[in-house]
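Each remark here refers to the structure printed beneath this line.
As a basis for the values below, the full set of heavy atoms in this structure was taken, side chains included, without hydrogen atoms, waters or symmetry mates. Nothing here was measured: the structure is a model prediction, and the numbers come from that model.
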Amino acid sequence: MRELPELGVGMVCLPGLEAFIEAAHELIDVIEIEPQPLWFKSAAAAVPYAVNTGALAQLCADPHPKLVHGIGFPVGGSVAPEPDQVALFVDVIKALGASWASEHLSFSRVDGAAGMFNTGFLLPPLQSAQSVALAASNIRALSAQLPVPFAFETGVNYLRPLPGEMSDGAFFGAIAEEADCAILLDLHNLWCNERNGRQGVLAALDDMPLERVCEVHLAGGDHLDGYYLDAHSGLVPPELMQLAHKVLPRLPNLKALLFEIVPAYMSARTIGQGELTAQLRDLRQLWNERSKSLQVACGTPRPMARTITAADSALPSPTEWERALAGRVLESDADAPFAQVFDADNGVAVLRQLVAAVRSGTIVDSMTLSYRLIVLSLGEPAFLSLLRAFWKTRPPEPFATEEALNFAEFLRTQGLAIPHLDEVLAFELASHQVRMYAQHKTVRFTCSPLPLLMALRQARMPDFADHGDFALTIEP
């Protein structure tokens, strides 16, 4: 860890933050890139995944030093990442010149009875000795393929601990030691865990090898049904900033401090650029004070890795846990093992709502015009009913275009009496293809397309007055 470069204060760079990052250039030392939104499933059989070279080139041109933070193949589950996605991960790391890379200690793919499926959200692994061994093996296998050091992110967990589970800090610490890797300490995640009734932040840190922490994340959150969520929805709460002032001096090999915010919340909650600038200044002060009061790391060896005990043997295996939790969250397996345990845990209902929010947001963002046409014709409740019916037919897709394609196919089976819906769907799916492959596409319409599409862009009902045979070509 000592040999990694000290990068300083920065932000996770999401689409919509580019203008602010450019304007606040002097306050930002480093940016962190989530690479999965840069790639997509490819129609070419020999290349299952491809990268958006234009978007990657724009990021490469940014003068800030960069880190890469994966969101596509978390390392806490029993399903290994697809080799083709790992290969793209490596390509992006090399292209951006990242100093290290990270991923989540969660799972998002499950090997179910009917085959592999995605969960639509990062779900927490069972905190057992078996899971420690599994995660450590995953990390070692991934690290061997990467050109830079690897860190896993300490996860958020909305579930109640089961009897016999390891504490949050002991679980994270055991994995880091057994995998011999770095830690991305997400303090907001640990604070969420504490506020939702799990292990306290300081107690968790006492169980972790803090000399392995190379990066810290801070963010703001939200509330849902009595839970505090890691929503990245605002500025860092003052209480968390105070906690960070205590924690950062305990991290002798900390190399980067990153702020996370989802751009959509900035407009929804009127968070202006001035407030973001002030937030970065506060993080700079936190960073500078940390270096002045840095504490010497404790070198006491910790017995992190555990052998399987009687308590462990009473717990489900990682595979059993993944199938059962995913089945209850997606409501796809009413007879899943441990159903009574999950149904008694309100955290499962929270995860269910978060999956629904992600899936509905993906559809609305990727098929905005079709969404508006349906709502203007049938109303919002009817659209939500269609979504719920669709979710029962298909598990989530990790790529927005694939989720949109599946939803379009579902809509075509519903016999909806909405004029020109099929044409608007075809236009939006074709637009995705044009952006991905940089090749033009032509869509047929039975009305003049531009008045139809412009009305939907303005969120008003088209008049459907004209009829004819029209063709609209979409250029890259």
Side-chain angles (χ1 to χ4, degrees), residues 9-14 17 30-32 34 67 69-71 74 76 102-106 121-124 151-159 167-169 171-172 182-208 210 213-224 226-251 254-266 269 271 275-276 278-287 290 347 350-351 354 357-358:
V9 175
M11 294 184 69
V12 177
C13 180
L14 299 176
L17 290 174
V30 56
I31 59 173
E32 189 161 71
E34 295 179 351
L67 298 171
H69 183 50
I71 56 172
S102 56
E103 247 292 0
H104 295 78
L105 186 65
S106 312
F121 200 76
L122 295 170
L123 299 181
F152 69 82
E153 178 180 327
T154 55
V156 66
N157 193 338
Y158 302 114
L159 303 179
S167 71
D168 296 344
F171 183 64
F172 299 143
I183 298 174
L184 191 171
L185 176 62
D186 193 313
L187 273 179
H188 190 255
N189 282 353
L190 297 191
W191 198 53
C192 287
N193 292 347
E194 176 178 322
R195 294 188 63 175
N196 293 326
R198 296 182 65 89
Q199 188 180 26
V201 175
L202 296 179
L205 295 177
D206 287 340
D207 288 340
M208 295 168 58
L210 299 184
V213 175
C214 65
E215 180 179 346
V216 165
H217 280 185
L218 290 172
D222 212 339
H223 296 86
L224 175 66
Y227 284 75
Y228 182 72
L229 304 182
D230 179 46
H232 302 172
S233 53
L235 304 178
V236 181
E239 303 93 329
L240 182 56
M241 284 293 291
Q242 292 175 7
L243 183 63
H245 278 281
K246 296 179 181 178
V247 171
L248 262 63
R250 298 177 60 186
L251 311 176
L254 180 64
K255 308 298 183 180
L257 174 63
L258 279 295
F259 173 61
E260 297 181 281
I261 189 168
V262 174
Y265 284 110
M266 293 172 58
R269 303 191 173 179
I271 300 172
E275 291 170 284
L276 281 190
Q279 180 74 90
L280 288 173
R281 294 189 190 281
D282 289 342
L283 294 186
R284 175 73 59 191
Q285 181 180 0
L286 174 61
W287 179 263
R290 156 254 173 198
V350 169
L351 288 171
L354 293 175
V358 169

(message) List the residues meeting side-chain hydrogen bond (donor to acceptor under 3.5 Å, both in side chains) with Asp168, not counting sequence neighbours, and say none if there are none.
(response) Gln127, Arg198
(message) Using 0.5 Å steps for rounding, measure from the CE atom of Met11 to the NE2 atom of His217.
(response) 11.5 Å
(message) So Phe152 and Leu184, do their side chains get closer than 4.5 Å, heavy atoms only?
(response) no
(request) Please name all residues satisfying salt bridge (charged side-chain N to carboxylate O under 4.0 Å, His left out) with Arg281, sequence neighbours left out, ordered by chain then number. (result) none
(request) Flag the pair Glu34 / Leu14 as yes when at least one side-chain heavy-atom distance between them is below 4.5 Å, and no otherwise. (result) yes
(message) Would you say that Leu105 contacts Glu153 through its side chain, given a criterion of any heavy-atom pair below 4.5 Å between the two side chains?
(response) no
(request) Mark yes or no for whether Glu215, through its side chain, and Leu258, through its backbone, hold a donor-acceptor pair below 3.5 Å. (result) no
(request) Using a 4.5 Å cut-off on heavy atoms from C-beta on, say whether the side chain of Val247 contacts that of Leu185. (result) yes
(request) Kindly give the heavy-atom pair with the smallest separation between Pro74 and Glu103, and that separation in Å. (result) CA-OE1, 3.5 Å
(message) Minimum heavy-atom separation for Ala219 and His232, please, with both atom names.
(response) CB-CD2, 3.6 Å
(request) Taking the side chain as every heavy atom from C-beta outward, state whether Tyr228 and Glu194 have any pair of such atoms under 4.5 Å apart. (result) no
(message) When you measure from the side chain of Arg195 to the backbone of Leu190, do you find a donor-acceptor pair of N or O atoms at a distance under 3.5 Å?
(response) no
(message) Test your reading of the model: is there a side-chain donor-acceptor pair from Ser233 to the backbone of Gly221, 3.5 Å cut-off?
(response) yes
(request) Taking all non-hydrogen atoms of both residues into account, name the closest pair between Gly220 and Pro237 and its distance. (result) CA-CD, 4.1 Å
(message) Tell me the closest heavy-atom pair linking Pro263 and Leu17, and the distance in Å.
(response) CG-CG, 3.6 Å
(request) To the nearest 0.5 angstrom, please state how far the CG atom of Leu351 sits from the CG atom of Leu159. (result) 5.5 Å
(request) Nearest 0.5 Å please: distance from the CE atom of Met241 over to the CG atom of Asp282. (result) 5.0 Å
(request) Find the distance between CZ (Phe171) and CE (Met208) and round it off to the nearest 0.5 Å. (result) 11.5 Å
(message) Is the ring pair His69/His104 parallel, tilted or perpendicular, if the boundaries are 30 and 60 degrees?
(response) tilted
(message) What I'd like to find out is whether the side chain of Phe259 reaches to under 4.5 Å of the side chain of Val12, using heavy atoms alone.
(response) no
(request) Locate the shortest heavy-atom distance separating Arg250 from Asp206; write the atom from each residue and the value. (result) NH2-OD1, 2.9 Å
(message) Would you say that Val156 contacts Asp186 through its side chain, given a criterion of any heavy-atom pair below 4.5 Å between the two side chains?
(response) no
(request) Look at the side chain of Tyr227 and the backbone N and O of Asn196, then say whether any donor-acceptor pair between them is shorter than 3.5 Å. (result) no
(message) To the nearest 0.5 Å, what is the distance between CG on Leu235 and CE on Met266?
(response) 9.0 Å
(request) Run the numbers on Asp222 and Arg269 for salt bridge (Lys or Arg N to Asp or Glu O under 4.0 Å), then give the verdict. (result) CA-CA 12 Å; Asp222 212 339; Arg269 303 191 173 179; 2.4 Å; yes
(request) Flag the pair Pro124 / Tyr158 as yes when at least one side-chain heavy-atom distance between them is below 4.5 Å, and no otherwise. (result) no
(message) So, taking the atom named CG in Leu257 and the one named CZ in Arg284, what distance separates them when rounded to the nearest 0.5 Å?
(response) 9.0 Å
(request) Without swapping roles, check the side chain of Glu32 against the backbone of Cys13 for a donor-acceptor pair under 3.5 Å. (result) no
